[in-house]
Every structure is written in C-alpha cells, then in structure tokens.
Undergrad: 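I have a structure here, written as structure tokens, and I will follow up with some questions on it.
Quick note: numbers below take in every heavy atom, side chains included, and nothing from hydrogens, waters or symmetry partners.
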Amino acid sequence: MRTSRRQMQGLALYALGVGAFATMDAFAKYLSGSYPVAEIILIRALFGYLPILVQYRMGTVKGMQAVRSSKPLLQLLRGGFVLAAGATFFLSLSGLSLADATAISLAAPVFMALFGITVLREPAGRETYVAIAVALAGGLLIVRPTDGMNFYALLAVLSALFYALGVVATRRAGQADPPIVTAIWGNTVMVVASGAMILHSGWVWPAADDWLPFIGVGLAGGLANLLYIGGLRLSGVSDVAVIDYSIFVWAAAFSVLVFQEEIATASLIGAALIVCGGVYSAVAKWLQSRGEPAEAPLALGMGPTS
C-alpha cells in the first residue's frame, strides 16, 4: 500500500513534534538541578492549554459539555498519574543523562502491554511478548541493577510505570467522556497540583538567564502537541507509532552535544533493544491494521515527557 502525500505530511509533522518534545526535555534537564520540579510542571501545564484550545475549536463538543465528566474520580486519578509521570521523569533528569532517562522511559510500553493483558483483558499476539522480553533486557542493561540500584534510574522506571497507568486510565476515561474532557481535566489537575506544591514550598524566582529555558519548556511542549494534532489529522495513529522511538536520537544528540554527557555502551545497547522491540511490535500491529480505520487518540499530553 503506497503512502499518500497527505500521510507523508502527517508523518513529517509528527516527527517534528517528537523533536519538539525532546527539546522540551532538554530545557527541563537544564532547569531540573536548580528549580523545583513543580515550577517546571506548572509552566508546562499552563502552555498545555494552547493545544487543548485548538483541539476544542476543531471538535464538536462545546460549552459545559467539554468540561463535564461522567467519571470525575477517574479523571482525577488519571490526572494524578500524568502528574506523577512528569514529576518523576523531570526529577530523574537531575541525576541521569538525558539519553538514559529517555531510553528508560521508552520501556513504558512494556508496562502498558502488561496492564493491557492483565487489567484491560486485551488480546496479545506473539509480537507483544517478544517486545516485552526484548525491552526488559534493554531496560536491565541501562539500569544495571548488579551495580547497585541508581535512585534516579528508579525514578525513571517509576515514570514509565505511571505513564502506563495513565494510559490505562485514559482508555477507561475514553469510554465515558469525550477526548476534550479528558485533556482539560488532566491538564487542570497538573496546574492545580503543581500550584499547590509551589504554595507549600515557595516559588524560586528564576534568574534572568533562566527565563528563556522556562519559556522554552512551555513553548516546546505546546508546539509538540500542536504538531501531533496536525500529524494525526493527516496520518493514522498506527502509521506514526514507530516515530515515537526517534525521541532517543534527539535525546542522545542533546546529551552529547549540549550537556557533554557520555553515553555508556551498555546504555546504547539497551536503548537499541528497547527501540527495536517497540518498532517490531508497532510495525507488526500496523501490518495487521492496514485497511482498518485508525483509532483516534483519547487525549493529548500523555507520557513522561508531556
């Protein structure tokens, strides 16, 4: 089946979105050692309303229907998972290279697959179990538990776990509420919770040179979601799934070129295994789903780096 020009444009937009998300993570790493994570999340979430506004204007759900949820407790729980995923990922950046933290976060589909099988009772083919085994091997190479568990690596693993729980909650919420409702509730939980943490711990006023990275976190994250919206309007979800794994290339480039971080050989091998396992699973599912209508995303802004 040939890829149309429309699909190619969608793939290009989505790939740029991945790059924008990686740029956001780089700004967050620069700030993570000097400022509370709550401040970074608050700025990110405030800018997160920009793509939500675009999603609202493009959608058919208007007025109070866009904010009224039939499962408010589930929406709050999902928002908590998204918040926890972002917070633990940003915290891990203060002790891990950007490449290692990103590679570990890419193991999130392992937890997603396990929860899909055990909680959502979704059928799993051979490609799912192969991807789980390969990704687990890759994750162990990066974390290297035989050398003593690195606290920051554990935070990155927790981020992947919270991300997977967020996906499960998103799937459940998507059965009850429109996507715009889930997006608004999730982003608002992040704003309120991070704001409350700042009120408790106090605001650290950014230095003059650090305002640009703070604004960069918000702009890059908001731009990424806008590019994702455009990409998914032109291409199906299954078409762009493999592109998500290109974020490691961006992260490795930022690690080496910007932060002058060394990437261990074991980490590179582990990341390669995780990416290969994910790509194999994504391609297999794409081949199985050709000719079927693509499933729309349930909400924007999911993931450790969202």
Undergrad: Any link between Trp203 and Val191 through a network of hydrophobic side chains (Ile, Leu, Val, Met, Phe, Trp, Tyr) touching at under 4.5 Å?
TA: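 Yes.
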Undergrad: Calculate, to the nearest 0.5 Å, the distance between atoms CD1 and CG belonging to Ile43 and Leu219 respectively.
TA: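 Output value for this atom pair is 10.5 Å.
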Undergrad: Do the side chains of Phe162 and Phe151 join up, straight or via other hydrophobic residues, at under 4.5 Å, putting them in one cluster?
TA: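 Linked, Phe162 and Phe151 end up in one cluster.
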Undergrad: Following the transitive rule for hydrophobic clusters with a side-chain heavy-atom cut-off under 4.5 Å over Ile, Leu, Val, Met, Phe, Trp and Tyr, establish whether Leu257 and Phe27 coincide in one cluster.
TA: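 Hydrophobic grouping puts Leu257 with Phe27.
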Undergrad: What do the steps show when you test Leu50 against Leu226 for side-chain contact (heavy atoms from CB on, under 4.5 Å), and what is the final call?
TA: CA-CA 8 Å; Leu50 176 61; Leu226 288 175; 4.0 Å; yes
Undergrad: Only one of Gln75, Arg172, Lys71 forms a side-chain hydrogen bond (donor to acceptor under 3.5 Å, both in side chains) with Asp177, so which one is it?
TA: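 Going through the options one by one, the only one that passes is Gln75.
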Undergrad: Which atom pair, heavy atoms only, marks the closest approach of Ala38 to Ser194?
TA: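 Residues Ala38 and Ser194, closest heavy atoms: O-CB, 3.5 Å.
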Undergrad: Say you draw a straight line from CG of Leu93 to CG of Leu98; how long is it, rounded to the nearest 0.5 Å?
TA: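 So the gap between those two atoms works out to 6.0 Å.
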Undergrad: Quick one: are Val67 and Val181 in side-chain contact, heavy atoms under 4.5 Å?
TA: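 The answer is no; the side chains never approach within 4.5 Å.
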Undergrad: Any side-chain heavy-atom pair from Val54 and Arg57 closer than 4.5 angstrom?
TA: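 Of all side-chain heavy-atom pairs linking Arg57 with Val54, none is under 4.5 Å.
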Undergrad: Counting only heavy atoms from other residues, nucleotides and ligands, does the tally under 6.0 Å from CD of Glu262 exceed 12?
TA: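 Result for CD/Glu262: open.
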Undergrad: Look at the side chain of Thr188 and the backbone N and O of Ile184, then say whether any donor-acceptor pair between them is shorter than 3.5 Å.
TA: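 Flag set: sc Thr188 to bb Ile184 pair under 3.5 Å.
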Undergrad: Hey, what do you get for CG (Leu161) to CG (Leu155), rounding to the nearest 0.5 Å?
TA: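 It comes to 12.0 Å.
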Undergrad: Same cluster or not: Leu96 versus Phe254, using hydrophobic residues (I, L, V, M, F, W, Y) connected whenever any side-chain heavy atoms lie under 4.5 Å apart?
TA: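 Leu96 clusters together with Phe254.
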Undergrad: Any chance you could measure Asp25, atom CG, to Ile247, atom CD1, to the nearest 0.5 Å?
TA: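 It comes to 5.5 Å.
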Undergrad: Give the minimum heavy-atom separation between Ala271 and Phe248, together with the two atoms involved.
TA: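 Closest approach of Ala271 to Phe248, heavy atoms only: CB-CZ, 3.4 Å.
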Undergrad: Cluster question for you: counting only ILVMFWY and a side-chain heavy-atom cut-off of under 4.5 Å, with indirect links fine, are Leu268 and Phe259 together?
TA: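 Yes, it is one cluster - the side chains of Leu268 and Phe259 are joined through contacts under 4.5 Å.
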Undergrad: Begin with the C-alpha distance, continue with both residues' side-chain angles, and end with the deciding distance and a verdict on side-chain contact (heavy atoms from CB on, under 4.5 Å) for Leu227 and Tyr14.
TA: CA-CA 6 Å; Leu227 289 168; Tyr14 196 88; over 6 Å; no
Undergrad: After noting the C-alpha distance and the side-chain angles of Phe21 and Tyr228, does the key distance pass the ring-ring contact (aromatic ring centres under 6.0 Å, His included) rule?
TA: CA-CA 10 Å; Phe21 257 128; Tyr228 280 2; 5.3 Å; yes
Undergrad: Quick one, Pro36 and Val204 - any side-chain contact, counting heavy atoms below 4.5 Å?
TA: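 Yes; the side chains approach each other to less than 4.5 Å.
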Undergrad: Is a side-chain donor or acceptor of Trp185 paired with a backbone partner of Pro72 at a separation under 3.5 angstrom?
TA: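 No: the side chain of Trp185 does not pair with the backbone of Pro72.
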Undergrad: Before giving the answer on salt bridge (Lys or Arg N to Asp or Glu O under 4.0 Å), spell out for Glu261 and Lys29 the whole-Å C-alpha distance, their side-chain angles and the decisive distance to 0.1 Å.
TA: CA-CA 12 Å; Glu261 296 171 328; Lys29 178 171 178 59; 3.2 Å; yes
Undergrad: Report the distance from atom CE of Met58 to atom CG of Leu53, rounding to the nearest 0.5 Å.
TA: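 Here the interatomic distance stands at 10.5 Å.
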Undergrad: Can you tell if the side chain of Thr102 reaches within under 4.5 Å of the side chain of Phe89, non-hydrogen atoms only?
TA: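 Yes. Closest side-chain heavy atoms under 4.5 Å.
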Undergrad: Grab the two heavy atoms, one from Gly19 and one from Trp250, that are nearest each other, plus how far apart they are.
TA: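 Smallest interatomic distance, heavy atoms only, reads CA-CE2, 3.4 Å.
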Undergrad: What closest approach, in Å, do Ala66 and Tyr56 show between heavy atoms, and which atom pair accounts for it?
TA: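 Minimum heavy-atom separation between Ala66 and Tyr56: CB-CE1, 3.7 Å.
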Undergrad: Does any non-hydrogen side-chain atom of Phe214 lie less than 4.5 Å from one of Leu31?
TA: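 Yes, at least one pair of side-chain atoms sits under 4.5 Å.
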Undergrad: Using every non-hydrogen atom in the two residues, find where Ser159 and Ala85 come nearest and quote the distance to one decimal.
TA: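 The answer is OG-O, 2.8 Å.
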Undergrad: Measure the CZ-CG distance between Phe47 and Leu42 for me, rounded to the nearest 0.5 Å.
TA: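 Between atom CZ of Phe47 and atom CG of Leu42 there are 10.5 Å.
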Undergrad: Do you know which of Ser255, Ser267, Ser92 makes side-chain hydrogen bond (donor to acceptor under 3.5 Å, both in side chains) with Asp100?
TA: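 With Asp100 as partner, side-chain hydrogen bond (donor to acceptor under 3.5 Å, both in side chains) holds for just one option, Ser267.
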Undergrad: Taking the side chain as every heavy atom from C-beta outward, state whether Leu74 and Arg78 have any atom pair closer than 4.5 Å.
TA: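 Contact flag for Leu74/Arg78 side chains = no.
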Undergrad: Does a side chain donor of either Tyr30 or Asp210 reach within less than 3.5 Å of an acceptor in the other side chain?
TA: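 Result is yes, a qualifying pair exists.
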Undergrad: Quick one: closest heavy-atom pair of Glu39 and Gly202, and the distance?
TA: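 Distance-wise, the nearest heavy atoms are OE2-O, 4.2 Å.
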